[in-house]
Amino acid sequence: MFNSIGNNFGAGQITFKDYQAENYVVLNSKFTFDPTNADYQACDQLEIYVPDLTIDRSALGGVFIRFVEDYHYSWGDSVYDGGTVLKSWIKDKNTIVIEKQPWFDQNGPLIIYIVTLYPQLNQGSDTIKSTMQRLTMTTEGNYLRFGYETFMVEFEHWVFIHLMFSGVTYAYREALWEVTMEQLPADITADVPICGGGNQMHPNCDGMAEAHIENKVLTSQRRVMGFFDTAHDPFVYAFLVRDNNDNTSE
């Protein structure tokens, strides 16, 4: 784990959970910033300055950006949180870059989730391999259902997960969800975005919710109104650093 040295968009200090190998790094972070601040308004791209990384330049990776929005009606509240994926890369051993998308600025404050693997650019090496394993997602009474594309790939210091939501019992649509991820290592703790679901108020993007993973349990309370709209299948896509990490190479 390490803290940023600075940034050019007024976000304050950013904390990272990390695993760093010779030819790639896995980084996890969640932070919020205000797009109305002067530093953000002046920058062309978001840059985070960090202590020396093990790689000095990376291929493109994806990070997630999300906003939170409620509408209050006489009959109750509606959630129209939204988000998208931004391009990100390691510019040099001390700089992480995230593309700037000004069309999101009006929805601030904005939340960024880095749950990303950055491979060294232009460096051949032996590929590390593991086995894709189906994740059994258990809820009381089976009220929440997941598609076949729900799996993980486990390594010693990090895990890749892909979850695909497929349905929920109607009585639980607005309830707190607690799902045991049977095969997931117990040493994963992270906030992850749940991408997808229609967004009536922001048709230029999908919905984006958030889940918390800890001790093999995924919990989620807040979700966009169109979470189970047809053709908006919600999913989670994340590279997650394990808490057993000692920053040595694979």
Side-chain angles (χ1 to χ4, degrees), residues 1-33 35 37 39-66 83-105 110-130 132 152-162 188 190-193 195 236-250:
M1 183 174 289
F2 64 85
N3 293 323
S4 65
I5 298 169
N7 62 78
N8 70 340
F9 57 100
Q13 189 175 72
I14 299 168
T15 298
F16 289 87
K17 187 182 290 187
D18 66 309
Y19 176 71
Q20 303 193 38
E22 181 181 0
N23 63 332
Y24 71 93
V25 299
V26 182
L27 299 179
N28 291 172
S29 185
K30 171 191 170 184
F31 59 89
T32 302
F33 69 96
N37 79 73
D39 287 343
Y40 175 83
Q41 292 294 320
C43 73
D44 295 321
Q45 59 188 18
L46 282 58
E47 297 187 353
I48 305 170
Y49 310 119
V50 297
D52 287 357
L53 301 172
T54 56
I55 64 174
D56 59 9
R57 193 179 179 192
S58 80
L60 288 176
V63 305
F64 299 91
I65 189 167
R66 172 174 173 252
T84 192
V85 182
L86 301 176
K87 291 184 289 186
S88 179
W89 63 97
I90 291 173
K91 176 182 175 181
D92 56 53
K93 67 180 181 178
N94 298 116
T95 311
I96 302 164
V97 178
I98 301 171
E99 71 169 317
K100 182 177 179 179
Q101 287 288 1
W103 64 274
F104 256 53
D105 294 359
L110 300 175
I111 307 165
I112 286 182
Y113 303 83
I114 300 178
V115 283
T116 309
L117 186 149
Y118 295 92
Q120 172 71 44
L121 187 66
N122 297 330
Q123 177 178 308
S125 67
D126 293 334
T127 302
I128 57 172
K129 296 181 180 180
S130 187
M132 183 179 74
M152 72 171 185
V153 183
E154 180 182 355
F155 292 90
E156 182 181 358
H157 296 287
W158 57 276
V159 174
F160 170 72
I161 63 169
H162 182 274
I188 296 288
D191 291 330
V192 295
C195 309
V236 172
Y237 183 102
F239 297 87
L240 300 175
V241 177
R242 299 177 63 171
D243 293 334
N244 69 6
N245 172 32
D246 59 7
N247 276 328
T248 58
S249 299
E250 286 279 358

**Criterion side chain to side chain contact (heavy atoms under 4.5 Å, CB included) on F2 and L53, from CA distance to verdict** = CA-CA 11 Å; F2 64 85; L53 301 172; 4.2 Å; yes
Nearest-0.5 Å distance that lies between atom [atom1] in [X] and atom [atom2] in [Y]:
X: S29; Y: I14; atom1: OG; atom2: CD1; value: 6.0 Å
X: Q101; Y: L110; atom1: CD; atom2: CG; value: 11.5 Å
X: I55; Y: D92; atom1: CD1; atom2: CG; value: 11.0 Å
X: H157; Y: Q20; atom1: NE2; atom2: CD; value: 12.5 Å
X: I98; Y: I48; atom1: CD1; atom2: CD1; value: 4.5 Å

**Request:** May I ask you to decide if N8's main-chain N or O and E47's side chain share a donor-acceptor pair within less than 3.5 Å?
**Result:** no
**Request:** For N7 and G12, indicate whether the former's side chain and the latter's backbone hold a donor-acceptor pair under 3.5 Å.
**Result:** yes
**Request:** Not counting sequence neighbours, which residues clear ring-ring contact (aromatic ring centres under 6.0 Å, His included) with Y40? List them please.
**Result:** F33
**Item:** Audit row: V50, F16, side chain to side chain contact (heavy atoms under 4.5 Å, CB included) steps and yes/no
**Value:** CA-CA 10 Å; V50 297; F16 289 87; 4.1 Å; yes
**Request:** Evaluate side chain to side chain contact (heavy atoms under 4.5 Å, CB included) for L117 paired with V25, printing each intermediate quantity in order.
**Result:** CA-CA 6 Å; L117 186 149; V25 299; over 6 Å; no
Hey, are the side chains of [X] and [Y] touching, using non-hydrogen atoms and a 4.5 Å cut-off?
X: K30; Y: I111; answer: yes
X: I65; Y: F104; answer: yes
X: D52; Y: N94; answer: yes
X: L27; Y: V241; answer: no
X: I96; Y: S88; answer: yes

**Request:** With salt bridge (charged side-chain N to carboxylate O under 4.0 Å, His left out) as the test, would you mind laying out the steps for K91 and D56 before giving the verdict?
**Result:** CA-CA 7 Å; K91 176 182 175 181; D56 59 9; over 6 Å; no
**Side-chain ion pair, E154 and R242, N-O less than 4.0 Å** = yes
**Request:** Measure from the ring center of Y237 to the ring center of F160 and say whether it is less than 6.0 Å.
**Result:** yes
**Request:** Mind running side chain to side chain contact (heavy atoms under 4.5 Å, CB included) on Y24 and Q120 for me, showing each step along the way?
**Result:** CA-CA 5 Å; Y24 71 93; Q120 172 71 44; over 6 Å; no
**Option among Y19, W158, Y118 that satisfies the side chain to side chain contact (heavy atoms under 4.5 Å, CB included) test with F239** = W158
**Asked** Do other residues, nucleotides or ligands put more than 12 heavy atoms under 6.0 Å from D44 CG?
**Response** no
